[in-house]
Amino acid sequence: MKLLRAEISPHLEAILSQMGVDKAAWDPLLQPSREASQGDLTLPCFPFASILKKAPQAISDDLAEQFPSIEALLNVSSVNGYLNFTANPEWLADSVLSNQVDVGSALKNSGRTGENVLIEHTSANPNGPFHVGRARNAILGDTLVRLHRLHGDDVRAEYYVDDMGKQVGVLAWALENLSEDEVNELLSDREPPSERWLTKADHQRVRWYQAAQVLRKDADEDRKAQIENEIGTLVHASEHGDLGVLESFESAYTPVLDGMLATLSRLGISYDTFTKESRFVVDGTVADLMSTLDALEIAGTADNGAGFLDLGQRGLKGKTEFFYRRGDGSSLYATRDVAYHMWKWGESNRLVNVLGEDHKLQAKQVGLTLEELNQKRPEVLFYSFIKLPEGKMSTRRGNVVFMDDLLEEAHAQASAVVRELRPEYDDEKVAKIAEAVGTAAVRFNIIKVSPEKGFTFRWEEALAFEAGSAPFIMYAHTRACSISKRAGTLPTSPVQCPSVESMPEGLVELLRLMCTHNDVLERSVREQKAHLFALHMLELANAYNGFYRDCPVVRDGEVDGFAFSISEMARELMRSGLEGLGITPIEEM
RNA sequence: GGGCGUGUAGCACAGCUGGAUAAUGCGUCGGCCUCCUAAGCCGAAGAUCGCGGGUUCGAAUCCUGCCACGCCCGCCA
């Protein structure tokens, strides 16, 4: 709790420096207490024992004895060599009510911190609809964008469009060369596309892509060779910046990308800028980059003229050659990525990328290359893949759960719950709530676990609406909203903080949680760990429920001014926090 | 074979810059709607923190060996 730390640090410093322990030694030890029953901040005194030649318990006793009584503290106690500080709930209440806790906004850049950060996420190949495997990137990335904004950073969300290379090449070739009948014929052994998405271009066009993949694998040898040749020519042309080919690629993938973005938009995900990979080929920066790389000390040339850097000399283990130019002189994906990063450094002074764990090696190579060019390397958030219980997802094989289907199902199930719980709501209201709840549950299910953890998608977990899920937090928020609406029409008593003795547990817990809110957000943003904030929001909602249980705001037609103020502050915190997680903070559910 | 990551109650998951009784949800068992929305609240049971060594006053956390699982090791993207 930063607020409390600021209050007690000067006193600790005075006492400890007199005893001969400097701040550098104790400051990092002062940390949040493990258990609420132990207090809010704890200083373990064991490390001082050898310096002071005294038993830890004697030291903490001493410190507790000498610590002055200050307004912010209810109590300082010494237990088993730990010095425990418990905040005074009245002081906590005062901090909350005097706006020491920032509510913030996740929806716009405020520039409060003066930091600007460019977050690149998703950047999925525009070759087919979004499936839940790809969605982890987008949800993680978008949440990071929102949390940085909530924290007060200026953020730009960027989508790097892979508009050249094989994937798009295959799509473009298929659309040009295969008829609808041929596509249906080639995919006859697969499940037919869902009726529901017949008009959505990503679902439609992916069939051409899949059909082409079937042909490339199963056609007779002559046909296969011919296809490879044709696609190869296209890809080659795109990599040399052939504008005609790039244009045909663009008209092939644009409707697909639009469809993908429509799906993401339903999840509340959007981007500020799109940058096309081809841009760096067309404007010549990739060519320039390759000559710069050629001149590096660690550059080498293969027999056929291909260029590489020997990153082994810079500490890379395993395969140390990093190829940046093919034998035919064209660039590779990674080369363009280096160019792209150099450009990004010109746009922002903090770069964050969200990437799947399969990109680790490549990211390392790009990072080392950037350093070789005297550039900084970006911060990268890696995540593990989402699997299905049956195994890995693959667009090519058609073994996927489409995000569109998941969202439809989430909406339908949420809708059924609302109808059961609130039979009096009309259709429009039910639909609105179901959409917010359904998409929130899907997002939260992914955000709440740490990214490096492997993740198996299970319908029943994605669609859980109970404690531990997004609807739980949303529900606490609607309780606060409902109080807010009701209290506005009633007479209100003056804001008078109750004495410590008469404060119920639920109130104290809520105050403590609210006072750590900004701390958790800051750490979450600094370490790029959205799940920490997600779990904190769960605790905040839980604490609000405790407050709701213990502190009636409206009693006998009169509003308790103090309880109402606290409730309002909690409501604001929950609202902005929900927005930070990409959850629509609805007022009724 | 090499590199990176993961392994915590029946299931899922937090804690990992070393600190006191390993947090939470689902599931299980029991209780609470004349009172601000019960998508809620209260209580109970449930953990050799993958296994073995080491460092330390103190190890789920650090080091090391082993085991299991995932990802990567293309002049693909």
Side-chain angles (χ1 to χ4, degrees), chain A residues 28-29 31 33-35 37-38 42-47 49-50 55-56 79-82 84 125 127 162 164-169 235 277 302 304-308 316-321 323-328 330-334 336-337 356-362 364 382 384-385 387 392 414 417-418 420-422 433 437 448-450 452-456 458 460-461 464-476 478-487 490 506 531-532 535 538-539 541-542 545-546 548-556 559 563-564 567 588-589:
Chain A
L29 293 170
Q31 56 200 272
S33 307
R34 197 183 184 82
E35 302 279 325
S37 62
Q38 291 158 351
T42 292
L43 182 72
C45 297
F46 306 91
S50 59
V79 185
N80 301 330
Y82 294 89
N84 292 330
N125 281 320
N127 62 349
D162 207 346
M164 49 193 293
K166 200 132 248 171
Q167 306 245 6
V168 194
V235 171
E277 188 182 342
N304 65 353
F308 64 86
L316 189 70
K317 305 236 175 75
K319 194 205 172 226
T320 61
E321 289 172 344
F323 280 89
Y324 58 85
R325 190 184 53 227
R326 292 196 183 91
D328 70 4
S330 65
S331 62
L332 288 110
Y333 177 83
R336 289 167 234 140
D337 207 23
E357 60 179 340
D358 56 337
H359 282 68
K360 276 186 181 177
L361 175 60
Q362 144 113 21
K364 191 160 200 171
F382 292 106
S384 294
F385 290 116
K387 303 183 293 272
K392 208 174 144 180
V417 172
V418 182
E420 193 192 324
L421 262 26
R422 315 278 182 250
I433 295 169
V437 168
K448 73 173 179 189
V449 321
S450 52
E452 67 276 12
K453 200 81 104 182
F455 187 101
T456 301
R458 292 189 179 85
E460 62 275 22
E461 278 164 26
F465 298 153
E466 301 144 306
S469 73
F472 175 82
I473 309 171
M474 298 168 85
Y475 186 69
T478 63
R479 281 180 151 176
C481 288
S482 136
I483 288 175
S484 187
K485 264 181 225 144
R486 228 180 124 203
L490 297 168
H531 70 285
L532 294 180
L535 296 168
L538 237 24
E539 286 178 37
N542 188 37
N545 284 333
Y548 184 88
R549 174 193 72 220
D550 291 346
C551 292
V553 172
V554 180
R555 199 173 352 212
D556 304 326
V559 176
F564 183 46
S567 178
E588 282 178 294
M589 62 187 275

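All of these numbers come straight from a predicted model, not from anything done at the bench. The chains referred to below are lettered A, B, ... by the order of the sequence lines, with proteins before strands, and numbering in each begins at 1.
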Between [N] and [M], how far apart are the two [atom1] atoms, rounded to whole Å?
N	M	atom1	answer
B:C4	B:U21	P	35 Å
B:A38	B:A22	P	34 Å
B:U48	B:A9	P	7 Å
B:C67	B:C51	P	16 Å
B:C33	B:C42	P	15 Å
B:C63	B:C73	C1'	27 Å
B:A12	B:G27	C1'	11 Å
B:U8	B:C13	P	8 Å

Figure out the [atom1]/[atom2] separation between [X] and [N], and round it to whole Å.
X	N	atom1	atom2	result
A:Arg458	B:G10	CZ	P	16 Å
A:Phe46	B:C57	CZ	P	13 Å
A:Gln31	B:C16	CD	C1'	13 Å
A:Asn80	B:C57	CG	C1'	14 Å
A:Ile473	B:A39	CD1	P	16 Å
A:Glu452	B:U8	CD	P	14 Å
A:Phe465	B:G40	CZ	P	12 Å

Open item on the list: Base contacts versus sugar-phosphate-only contacts with protein, heavy atoms under 4.0 Å: please encode nucleotides 70-77 of chain B as B, S and - from 5' to 3'.
Closed with: BSSSSBSB
Sub-4.5 Å side-chain heavy-atom contact between [X] and [Y]:
X	Y	result
A:Met589	A:Val418	no
A:Arg34	A:Thr42	no
A:Val168	A:Asn127	no

Open item on the list: For a stem of at least 3 consecutive Watson-Crick or G-U pairs with distances under 3.5 Å, i pairing with j, i+1 with j-1 and so on, which stems involve RNA chain B?
Closed with: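 Only these stems qualify: B:1-7 with B:67-73, B:10-12 with B:24-26, B:28-32 with B:40-44, B:50-54 with B:62-66.
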Touch check for [X], heavy atoms < 4.0 angstrom, all strands: base, sugar-phosphate only, or nothing?
X	answer
A:Cys481	nothing
A:Pro47	base
A:Val418	base
A:Asn84	base
A:Ser330	nothing
A:Ile433	base

- [ ] Quick one: classify the glycosidic conformation of B:C33 as syn or anti, with syn meaning within 90° of 0.
- [x]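 In terms of base orientation relative to the sugar, B:C33 is syn.
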Open item on the list: If you assign A:Met589 and A:Gly454 each to the RNA chain B nucleotide with the nearest heavy atom, which residue ends up on the more 5' nucleotide?
Closed with: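 Between the two, 5'-proximity favours A:Gly454.
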- [ ] Specify the residue among A:Gly546 and A:Lys364 whose closest nucleotide of RNA chain B lies further upstream toward the 5′ end.
- [x]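 Result of the comparison: A:Lys364.
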Measuring from atom [atom1] of [X] to atom [atom2] of [Y], what distance do you get when rounded to the nearest 0.5 angstrom?
X	Y	atom1	atom2	result
A:Ile473	A:Thr478	CD1	OG1	12.0 Å
A:Leu43	A:Leu29	CG	CG	6.0 Å
A:Cys551	A:Phe564	SG	CZ	14.5 Å

Open item on the list: Taking ring pair (Phe, Tyr, Trp, His ring centres under 6.0 Å) as the definition, give me every residue that meets it alongside A:Phe385, ordered by chain and number, with sequence neighbours left out.
Closed with: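 A:Phe385: no ring pair (Phe, Tyr, Trp, His ring centres under 6.0 Å) contacts found.
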At under 4.0 Å, does any side-chain N or O of [X] touch on OP1 or OP2 of [N]?
X	N	value
A:Ser450	B:A14	yes
A:Arg479	B:A38	yes
A:Asn545	B:G40	no

Check: [Y] main-chain N/O paired with [X] side-chain donor or acceptor under 3.5 Å:
X	Y	value
A:Gln362	A:Lys360	no
A:Lys319	A:Glu321	yes
A:Gln38	A:Glu35	yes
A:Arg336	A:Ser331	yes

Task: Crowding at NZ, A:Lys448 (>12 non-hydrogen neighbours, <6.0 Å) - done: yes
Task: salt bridge (charged side-chain N to carboxylate O under 4.0 Å, His left out) against A:Glu588, all qualifying residues, sequence neighbours excluded - done: A:Lys429
- [ ] Just jot down the salt bridge (charged side-chain N to carboxylate O under 4.0 Å, His left out) partners of A:Lys387, sequence neighbours excluded, or say none.
- [x]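 For A:Lys387, no residue satisfies salt bridge (charged side-chain N to carboxylate O under 4.0 Å, His left out) once neighbours in sequence are set aside.
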Open item on the list: Which nucleotide wins on minimum distance to the side chain of A:Arg422, given the candidates B:C13, B:A39, B:C36?
Closed with: B:A39
Dump every N/O contact between nucleotides 21-27 of chain B and the protein below 3.5 Å, one line per pair.
from  : atom 1 : to       : atom 2 : distance (Å)
B:G25 : O3'    : A:Ala467 : O      : 3.4
B:G25 : O2'    : A:Ala467 : O      : 2.9

